[in-house]
Every structure is written in structure tokens, then in C-alpha cells.
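Reminder, nothing fancy here: chain letters follow the sequence lines and each chain counts from 1. Side-chain atoms are counted along with the backbone in the values below, which use heavy atoms only and exclude waters and symmetry mates.
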There are 2 protein chains.
Amino acid sequence: MTKPQFRSWQSVQEEVLRRIHAREWTPGALIPNEADLAEEFGCSRATVNRALRTLAETGLLDRRRKAGTRVAAQPVAKATLDISVIRMDVEARGQRYDHQLTDRATTRPPMAVSAAMQAPTTSDMLFLKALHLADGQPYALEDRWVNLEVVPEASEERFDAISSNEWLLRHAPYTHGDIAFSAANATEGEAQALGCAPGAALFIIDRLTWNRSKAVTKVRIVFAPGHQMRTVL
Amino acid sequence: MTKPQFRSWQSVQEEVLRRIHAREWTPGALIPNEADLAEEFGCSRATVNRALRTLAETGLLDRRRKAGTRVAAQPVAKATLDISVIRMDVEARGQRYDHQLTDRATTRPPMAVSAAMQAPTTSDMLFLKALHLADGQPYALEDRWVNLEVVPEASEERFDAISSNEWLLRHAPYTHGDIAFSAANATEGEAQALGCAPGAALFIIDRLTWNRSKAVTKVRIVFAPGHQMRTVL
DNA sequence: CAGATTAATATGTATATACTTAATATTATT
DNA sequence: AATAATATTAAGTATATACATATTAATCTG
């Protein structure tokens, strides 16, 4: 019998996936070690390693040194969402993008904001409020606090040619951040700005980004009713 | 001058990140090729490759053969959400999990469902409705259609010891799927089941999973008001 | 000059080898 | 028998080398 040849890490990965889906390897089961698989597949261990490591990153395999590799008992699906600039989202839908800066102030943020950003309550921040439009229709509302200690140049920017959303990505890189998705009923003000009924269910993104130990910006994006965020598994 | 040594791909990655954050390499700029970086860092090209490849996966770098590697002009943040079994979510919050199967039928799905699942409108599917509880309080509502052609065993299962949510993950592996997040106002029925006011904004997950070319299950999970889904960037 | 051919280049990948590290199993010691 | 020292195991990583592939640049050709 001729040994099947799997010459690329992708083909090894496909074969491993096939075995999992065909239930040759069931959830929780220990699979052969890299060296054995390499021999069986007629490739090097590095190739098997790459295939298995990539599958482990998707949550389908659990790997531990010495303990070996198992098919995940509870495959935790990892959905990767691309959080892009709003302009790109709108343009990807084939619509014309536009934005309006509706409010701007340099003032002390509320306690909740300075606390979340771990900034002194005494220092001013730049507050921005903008409306994003798709084909002239309200698409999303943006409420943003910018830490001027980290991004002093923001004071000089007018945010008319380029939205604050986009400007910050380009001028204020972040090392890490957290993001939360939720739903809320439209307030009177939101309803007016978005042209919907008060109380309408709105999809919301809250994001807080950091550069090293300093908070860069805190933003809340409120989408018009019906907004969906989709991705593949 | 002694050449700094970067002996692991992680340390190379950190140095690359440092240069990007310090704006030594600005968005859109072409960075040196792998061979040059390897020499500069005193490591092999494979090590640099792994560091850069991983950064490209996060969207921070754009890489193309022959064209080289650039710092992404529009860094598309990739937020990875762990979509786990609801039981695990609840238990991770330190709450007691429970579930009730509130409805069950083997019937023809509505057109919209059979169309989305690319199944004949004439064949029956298993319909399940369940309430997930956290510390006895309503946590989420689940509406599910199961393709019995793909998972006939589901007919025999009572879904009392184990939720349909969890049972399917274990017994009906999928090759791919899509998922959508949105917000909607609570219907009368949802409000009653979740113990909230009608019209309350609810966070919703719609998921459709496939095994090869066959739809496995279509599920809609409606969370109680206030639900957040969070992750890091 | 347009279009096809060819060369050059940077990333992408495969391989053998060697060593590291975390976790477990075994053995020795008290 | 409990504890500590040691060996073993399997994944994790680094390296040199070689070749593949996509893409661009340069060159040739009609």
C-alpha cells in the first residue's frame, strides 16, 4: 500500500479536519503526536506542527506540552470581527459615506469616563460627537473622549475632511484595547439624530483603546436600527 | 556597537510593534525585508517570518510577495469573540446554569428558514425553543431549527440533561458557518419569557452552521436586557 | 509603442536537526 | 508513605538551506 502524501501544511490540516468531521477522532480524544503524524503523512514534523498549531488557534484542538493534542471537547468557536473604520463599512455596502461633527468641546469628562480611562478627574479631554451618514441617511452616532495628554495634536484637527474615527486610527496608534457589543433603547436625542423612534433597539459598540499604560480614546458608536455585524466561523 | 539580539519570534514581534507605536515605521510605510531584518536582529529569517506573519494576521501589517511588508494604512482591528456554549458563559460569571426546553416540534419550517438552510420546503425539521437561566433568572432565549437529514439522532434526544446548544456542538460538528449580531426590541412573547418589558432592547445572535454543503442548524439566541459581549483588541 | 518574454525579488513554505520548556511519570530519599 | 529529585515525553521554537510562487521590473520582439 502506498502511503498518502501530504506535502503542505494546508493539506495536513484538511486531513485532520476530515478525521474530526468524520468522527474518526471524536471530541476529547487524544490524537497521535506530531512525530507519528509526520511519519504517517510523509512530511516533516514542522509541517504537522504548523497545521495543528493553526487549528488550535481556531479552538478546534487543545494542545499541551507532554500531554499531547486532543480534539476540543467543547469547540469554542472563535468569530473574528473586523472592526474597521466606519467609512470603509459604508463604502463596502456600496453606499456614499459622509460625516458631520455635531459637537465639540474641551472639558472635564464625567467621573465614569475619567475612571474608565484611569485619568485624573481634573484634566480636560477633547469631546467629540459625530454623525456618520450612508447615502445621506443616518448610519451611526459616535460619542468620543480623546485623552489630550496622549494625542495633543487632536486639538488642532478640525475633523471635517477626515472623521475623528479615521483620524485617530492614523495618528494615535494603540497597543491594546477592549471592546463591548450590546443593545440599548434609543434615547430621545439618539432617536432624533438617527431619525428613528425613541426606544428603538440600537446596536452599540463601546471601545476603549490604550497606548502602553495610557488611555487614548473612549468611544461609543450607536448604529441606526437594523444594523447587523456579521462574520463567518 | 553590539548588535541587539532578538532570539525569539516574540521578541522580534515586540520590537516591530515598538517601532510601529513609536512611529519609526508609520502607517503605509514599507519596512525592511525579512532577510535584512533577520540580519539586523541577529536571528534567522524563519524567526522574522513568524513574527511578521503573526502580526499580519492581526491586520497590523500588509504583506505581499515581491512587494514586501508595509505597516497597514488602515489598521483593521480584528476582535476575536469566543462563541462558547451558553452554559460556560453563565458559569464563567460565577452563576448557576440551568435550562428548560419550552417547546419542541417536528414540523415544516417556514420558507425563510428552509431557504436560508437551502433545504427542501417539504421536509420536516426539528424545532426547539429553550430558556437558559443564570441563578434562576432568565438569561437567554434560544430558537432553533435542526436539519434531521444531517443529524437524525437529534430526534431521540430529550435535551433535558444537556441543552440543545451543547448537544449539537458535541454531536453535530460543522465545517463552517456564519454568525450575525444585532439588536431588536422584545416582542410580547420574548418579554414574557425573559421577564422584561415589551420593546426592551435585546442583544441577538443569529447563527447558521454547515457540514460540507448541508445546513446543520439555524439558531437565534435572544439575550436578556443588559447583555454585553466583550473582548480585547 | 504595445504586447509578450524573461529576469529579479520578497514572501511563502518544506525539511532536517537541535535544543527548550512544561508537564507528567518514575525513582530515590527521608 | 510522603516528599523530593530525576527522567521522560510531546509540544514549542530556532536555524540553515532549498525551493515555490506571486508580483514587479526589465527586456525583447513584432
- Message: So, OP1 or OP2 of dA10(C): does either fall under 4.0 Å of a side-chain N or O from R64(B)?
- Response: no

- Earlier contact from the 5' end, DNA chain C, for R63(B) and T47(A): R63(B)

- Query: Any side-chain donor paired with an acceptor under 3.5 Å for E142(A) and H132(A)?
  - Reply: yes

- Expressed in angstrom and rounded to an integer, what is the separation of D36(B) atom CG from dT9(C) atom P? 12 Å

- Message: Suppose we call two aromatic rings close when their centres sit under 6.0 Å apart. Are H227(B) and Y139(B) close by that rule?
- Response: yes

- Message: Whole angstroms only, please: what is the CZ-C1' distance between R70(A) and dA23(C)?
- Response: 13 Å

- Task: For R7(A) and dA14(C), give me the distance from atom CZ to atom P, rounded to whole Å.
- Result: 11 Å

- Task: May I ask you to decide whether D143(A) forms a salt bridge with R220(A), counting only side-chain N to carboxylate O separations under 4.0 Å?
- Result: no

- Task: Please list, in 5' to 3' order, the outermost nucleotides of DNA chain D lying under 4.0 Å from any heavy atom of chain A.
- Result: dT8(D) to dT13(D)

- Query: Counting just side-chain N and O atoms, does Q10(A) come under 4.0 Å of either OP1 or OP2 of dT13(C)?
  - Reply: yes

- Query: Any side-chain heavy atom of R53(B) within less than 4.5 Å of one from E57(B)?
  - Reply: yes

- note: L30(A), atom CG; dA23(C), atom P; distance rounded to Å ~ 16 Å

- Task: State whether R50(A) places a side-chain N or O below 4.0 Å from either non-bridging phosphate oxygen (OP1 or OP2) of dT13(C).
- Result: yes

- Centres of the H21(A) and Y174(B) rings: under 6.0 Å? no

- Would you mind reading off the distance between Q13(A) atom CD and dT13(C) atom C1', rounded to a whole angstrom? 14 Å

- Quick one: does T47(A)'s side chain have a donor or acceptor within less than 3.5 Å of a partner on C43(A)'s backbone? no

- Query: Between D62(B) and R70(B), does at least one N-O distance fall below 4.0 Å, as a salt bridge requires?
  - Reply: no

- Residue whose closest nucleotide on DNA chain C lies nearer the 5' end, A67(A) versus R45(A): R45(A)

- Between CH2 of W9(A) and C1' of dT13(C) the distance, given in whole Å, is 10 Å

